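Owing to the predicted nature of the structure, the values given are computational and were not obtained by experimental measurement. In what follows, chains are A, B, ... by sequence order, proteins preceding strands, each numbered from 1.
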Amino acid sequence: MKYDFKSIETKWQGRWEAEKPFAAINGDTRPKYYILVEFPYPSGDGLHMGHPRPYTAMDIVARKKRMQGYNVLFPIGFDAFGLPTENYAIQNKIHPAVVTKNNTAKFTEQLKMLGYSFDWDRCVDTTDPNYYKWTQWIFLKLFEHDLAYKALIPVNWCTSCKCVLANEEVVDGVCERCGADVVRREKSQWLLRITKYAEALNDDLDTVDFVERVKVQQRNWIGRSVGAEVDFKTTTGDVIRVFTTRQDTLYGATYMVISPEHSLLNKWTIENEQEVKDYQAAAAKKSDFERTELVKEKTGVEVKGIRAINPVTNSEIPIYISDYVLATYGTGAIMAVPGHDTRDWEFAKKYNLPIIEVVSGGDVAKEAYVDCDTGTMVNSGMIDGLNVDDAKVKITKWLTEQGLGEEKVNFKLRDWVFSRQKYWGEPIPIVICGKCGYVPLPESQLPLVLPEVEKYETTETGESPLAAMTQWTTTTCPKCGGEAQRETDTMPNWAGSSWYFLRYADPHNDTALASRDALNYWTPVDWYNGGMEHTTLHLLYSRFWHKFLYNIGIVPTSEPYMKRTSHGFILGEDGQKMSKSRGNVINPDNTVREYGADTARLYIMFIGDFEKTAPWSQSAVKGCKKFLDRVWNLAEIKVDGRSTSISDVSAEHETVIHRAVKKVGSDIESLKYNTAIATLMSLVNDFYVAAPNRAELKVLLTMLSPFAPHIAEELWELQGFEGYVSQQPWPEYDEAKTHDENVTIAVQIMGKLRGTIEAPLDCDDETLIDMVKKDSKIKANIESKEIIRTIIVKNKLVNLIVK
RNA sequence: GCCGCUGUGGUGGAAUAGGUAGACACAAGGGACUUAAAAUCCCUCGGGAGCAAUCCUGUGCCGGUUCAAGUCCGGCCAGCGGUACCA
């Protein structure tokens, strides 16, 4: 009989659906293991190859963990709020909820087609009011704890989406989604104070097992830097406070620069007022992108008539305004040390300002001496002769004593802009009352359900489509009972995904986001795998929400995820990133149809290093199909024999089987799925040289089942083994049996390979050298030479050094 | 610019901790079976020399450490990702 993958896969998927062998059980006595994959955004295009890679990998882990006796939670859901759905709805005049329903149905079908062992009863959908009730509830808690606030801020405005974007959604000055220009605009927006958690988000990375590149990227994004704030008095009697990480170079500060938006500019009487005003106006007109684009040439204007006083030299220094100083970082003002900062140096050259060397070792006449940590302080009064570190300590102490400044830690991280002027998102549960201000909706009124609207488009003024629904927006103030308006902004699609993993623990709870018992049992997530592109967005946002929920006593741990790994992209066959415009998108449907889900799963794991990008190759898929054909042909006919325990493997196959069990097991844990599959292929190749007995076949099918679950179940049944192969214990290996009695020893002379010999395992050195010397080939090589040294690596290698 | 990662056959990729480079596949070539094709099975497959056993050479480039370097160190080059006037 031929390997009929189609009927086999349909059969087992039906059985799994009916009998639910992969259901997670709350409060079970087995040890729990919570494996999480990033739930998909259900786009109209269906799954592409980017989805099955992480899903298959974690499915393999989930299946193996179950076989090892864990109560595994491996859930899936849909992150369904978002712009593409809304745009599709606008274009086709279909309600976004209907679009979402269709898309999730398609995704569900495709995910089931691939044979994933998800617990489908726990499926969540962020657009379900029963779900977003709790997203809104968390928002109310954030508001209650002063972590949500509304402020007039310059926002990134996408000219095409007509929508406010988070900084994270602006890429190279254009909208991440549609590629249109992004400009700056003042708008009243909801923000979340993620900056309050900057320190904890940074420091607690030390407590979790995230792959290093994720930690590095998060740390860079949070951007912690330690320095000092220093006060500079001015001739007007005002004080300009600056932030610097180089307080040691204070004696070299020969001028100051403040941002064009600095508040003191409004207060001062400036001699060249018009010139300053013109510069401010020009800077305000520029978008963030334009401001950073002009990196090469720095511009600025001196604020004439007012001077600052360097607190250590007491000399008067000029003040400039320039847009290379950002209003949003530090204090919006800097002390300029042209001798030791590249930007200050360029600016000083251009405007003919003095450059003073305060750390020796460079040539400040030629260029700024920046990497000067090893230098010695010069021209620096009280800190002359000290090294940089000591100088920092001493000057900071002095500044603090004089009341002129103090040590200060700054972060690049900014508050999270949380408003969107869009329809397809969670309504923000706030009422705006003329008398009481922003009033939270009482919990009893949640969920605040999205109203039906006539038009989904953002209004011309940039307000949410909800703003046009006056019937809905007009309400009464929960506090004073007077007439009030509902907030019409909605939440960004990062909201629902910031806590979804908690809901999986108890997805049908209608009195809490999840019961405390369920959270105590399942959280934290043991292993979370996802894309690098979410490192500074979703991953950071959800850590923030989780820390907040921990602080208010909702969740039992301060970090949501114990372990985070990250997979590489699957590229198109042309080696380019898959995209519709390139026309190189590959979806799993065709491969599954032509070769079956098991082959598709195998190939996507065999393709290469899980953590790196890898190009798809349709022709290489066949290799995996061939492998399954070979397995089928090997095991289709019932193999006789009563013994089925691993202790009953033949002497012939003993070593290779114990080795394979060891290798496949450890490879799954360390993301090396490609070599795990290679090991299985080798084992099958060995079985073609000498046929396996019943015990050996059993081990093979058990190990194969996480990778290719359908064929494994079918062959298991054909062989007459009991139950589901996916519910068998994972095979155990015996370390002693992973070695042969004999080992091949490489023999080198002067470090060059000259041959190999067979020697008994753990052979003692003398016997080994003796054997080497007797080997005819080696003998010829060392004739008439004297062995002056021998190096032996046990069971591996002998190296003879001769003269 | 800064931070991180990567560079190995025609291709995807292997190579615990420095210890036989190229596992496992794909593609290609040759052969068996077949009327033929598909499928299957067997052989070859980094480069060079040789009938051959064998020898030389080879992991982006240059140098170093070591008995021994794809692996460690220093300096380059190229590609990918992140970030960007962050003081």
Side-chain angles (χ1 to χ4, degrees), chain A residues 2 171-172 212-221 223-225 227 242-246 249 257 259 291-296 298 322-326 328-337 340-344 346-347 370 410-414 532-533 535-536 568-569 571 575 577 602-603 606-609 611-624 626-627 629-630 633 663 666 670 672 674-682 684-685 688 744-756 777 780 788-802:
Chain A
K2 230 184 119 204
V171 177
D172 292 334
E212 199 54 31
R213 56 190 176 137
V214 169
K215 287 192 184 183
V216 167
Q217 215 166 295
Q218 285 212 347
R219 283 204 185 98
N220 287 345
W221 187 259
R224 180 178 194 269
S225 59
V242 302
F243 173 68
T244 176
T245 56
R246 294 304 307 273
T249 62
V257 186
S259 73
R291 262 175 91 146
T292 58
E293 210 181 21
L294 302 167
V295 175
K296 305 130 215 158
K298 304 212 179 321
S322 172
D323 60 9
Y324 87 81
V325 172
L326 306 175
T328 46
Y329 184 77
T331 60
I334 61 158
M335 64 178 207
V337 185
H340 303 280
D341 181 280
T342 314
R343 292 153 306 176
D344 297 346
E346 283 166 13
F347 195 87
V370 180
N410 251 322
F411 296 91
K412 287 184 200 171
L413 189 71
R414 296 193 215 165
M532 280 307 286
E533 72 275 21
T535 302
T536 53
F569 286 121
L571 305 173
K577 206 164 157 180
L602 270 180
Y603 177 64
F606 187 60
I607 196 165
D609 187 332
E611 300 192 80
K612 293 190 193 127
T613 56
W616 184 263
S617 161
Q618 195 58 38
S619 66
V621 179
K622 273 186 282 188
C624 290
K626 204 162 111 185
F627 165 64
D629 279 330
R630 280 161 70 79
N633 294 335
K663 175 86 177 143
S666 66
S670 53
K672 293 164 97 177
N674 52 340
T675 51
I677 292 167
T679 305
L680 293 172
M681 287 174 169
S682 283
V684 168
N685 289 346
Y688 268 78
T744 308
I745 306 280
V747 183
Q748 296 181 337
I749 294 167
M750 303 294 284
K752 285 211 167 197
L753 185 71
R754 291 297 171 201
T756 58
K777 211 175 136 191
I788 52 172
R789 194 178 155 196
T790 59
I791 292 136
I792 296 171
V793 182
K794 204 157 185 72
N795 296 327
K796 259 207 181 128
L797 170 141
V798 174
N799 188 7
L800 304 176
I801 310 304
V802 296

Heavy atoms only, 4.0 Å cut-off, all strands: where does Phe627(A) land among base, sugar-phosphate and nothing? nothing
Nearest listed nucleotide, side chain of Thr675(A), among C85(B), A15(B), C55(B): A15(B)
Quick check on U20(B): is either OP1 or OP2 less than 4.0 Å from any side-chain nitrogen or oxygen of Thr744(A)? no
Pairwise side-chain contact, Asp344(A) with Tyr324(A), heavy-atom cut-off 4.5 Å (strictly under): yes
Taking only side-chain N and O atoms of Lys752(A), does any of them lie within less than 4.0 angstrom of OP1 or OP2 on U57(B)? yes
Under a 3.5 Å cutoff, is there a donor and acceptor pairing between the side chains of Arg630(A) and Asn685(A)? yes
First of Gly332(A) and Pro615(A) reached from the 5' end of RNA chain B, by closest nucleotide: Pro615(A)
So Asn799(A), base contact, sugar-phosphate only, or nothing? Heavy-atom distance under 4.0 Å. base
Now, which nucleotide makes the Watson-Crick or G-U wobble pair with G19(B), with each of the two distances under 3.5 Å? C67(B)
Applying a 4.0 Å non-hydrogen cut-off, can you work out what Ala678(A) is touching in the nucleic acid: base, sugar-phosphate, or nothing? base
Could you state the interatomic distance from CG (Leu413(A)) to CG (Asn220(A)), rounded to the nearest 0.5 Å? 12.5 Å
So which nucleotide does U34(B) pair with, by the Watson-Crick or G-U wobble rule with both distances under 3.5 Å? none
Touch class at under 4.0 angstrom, heavy-atom based, for Asn410(A) against every strand present: nothing
What about Lys612(A), does its side chain sit under 3.5 Å from the base of C5(B) through a donor-acceptor pair? no
Closest listed nucleotide, where the reference is the side chain of Val325(A) and the choices are C67(B), A87(B), A27(B): A87(B)
Under 4.0 Å between any heavy atoms, over every strand shown, what does Leu797(A) touch: base, sugar-phosphate, or nothing? Just pick one. base
Closest approach to the side chain of Ile791(A), judged atom by atom: which nucleotide of G13(B), A25(B), C67(B) is it? C67(B)
Does Gln217(A) get its side chain close enough to the base of G81(B), under 3.5 Å, for a donor-acceptor pair? no
Quick note, Thr244(A) side chain, CB onward, closest among C67(B), U20(B), A87(B) is A87(B)
With both distances under 3.5 Å as the test, what is the Watson-Crick or G-U wobble partner of A87(B)? none
Across the strands shown, which category fits Ser682(A) at heavy-atom distances under 4.0 angstrom: base, sugar-phosphate, nothing? sugar-phosphate
Which part of the nucleic acid, if any, lies within contact of Asp629(A), taking any heavy atom under 4.0 Å across all strands shown: a base, the sugar-phosphate backbone alone, or nothing? nothing
Please classify the nucleic acid contact of Thr613(A) as base, sugar-phosphate, or nothing, using heavy-atom distances under 4.0 Å. sugar-phosphate
Testing the basics here: between Ile607(A) and Trp616(A), what is the closest heavy-atom pair and its distance to 0.1 Å? CD1-CA, 3.9 Å
When you check the phosphate oxygens OP1 and OP2 of A39(B), does a side-chain N or O of Asn633(A) lie under 4.0 Å from one of them? no
How would you label the contact of Val793(A) with the nucleic acid (heavy atoms, under 4.0 Å): base, sugar-phosphate, or nothing? base
Identify the nucleotide, in any strand shown, that forms a Watson-Crick or G-U wobble pair with U44(B), with both distances under 3.5 Å; if there is none, say none. A28(B)
From Thr675(A) OG1 over to Leu680(A) CG, what is the distance, rounded to the nearest 0.5 angstrom? 10.0 Å
Ranking A27(B), C41(B), A25(B) by distance to the side chain of Met681(A), first place goes to A25(B)
Looking at Lys626(A), I'd like to know whether one of its side-chain N or O atoms comes within less than 4.0 Å of OP1 or OP2 on C26(B). yes
Reported CG-to-CZ distance for the pair Leu800(A) and Arg754(A), which is rounded to 0.5 angstrom: 11.5 Å
In terms of side-chain heavy atoms of Asn674(A), which of A87(B), A27(B), G13(B) is nearest? G13(B)
Quick one: label Ile607(A) by what it contacts on the DNA or RNA (base, sugar-phosphate, nothing), any heavy atom closer than 4.0 Å. sugar-phosphate
Pairing partner of G74(B), by Watson-Crick or G-U wobble and under 3.5 Å for both distances, is C62(B)
Counting the atoms with a prime plus P, OP1 and OP2 as sugar-phosphate, which does Lys672(A) contact under 4.0 Å by heavy atoms, base, sugar-phosphate, or nothing? sugar-phosphate
From C85(B), C24(B), C3(B), nucleotide with atom closest to Asn685(A) side chain: C24(B)
Is any side-chain N or O of Arg213(A) closer than 4.0 Å to OP1 or OP2 of C3(B)? no
Closest to the side chain of Leu753(A), out of C3(B), C24(B), U20(B), is U20(B)
As its Watson-Crick or G-U partner within any shown strand, both distances under 3.5 Å, U54(B) has A49(B)
Using side-chain contact (heavy atoms from CB on, under 4.5 Å) as the criterion, point out the one residue from Thr790(A), Ile749(A), Ile788(A) that pairs with Ile801(A). Ile788(A)
Does Arg754(A) put a side-chain nitrogen or oxygen below 4.0 Å from OP1 or OP2 of U54(B)? no
Just name whichever nucleotide pairs with C80(B), Watson-Crick or G-U, keeping both distances under 3.5 Å, else none. G4(B)
Side-chain atoms of Lys622(A) come closest, of A27(B), A87(B), U20(B), to A27(B)
How about NZ on Lys794(A), more than 12 heavy atoms from neighbouring residues, nucleotides or ligands closer than 6.0 Å, or not? yes
Nearest-neighbour nucleotide for the Gln748(A) side chain, C24(B), A14(B), G19(B) considered: G19(B)
Mate of A39(B) across any strand shown (Watson-Crick or G-U wobble, both atom pairs under 3.5 Å) is none
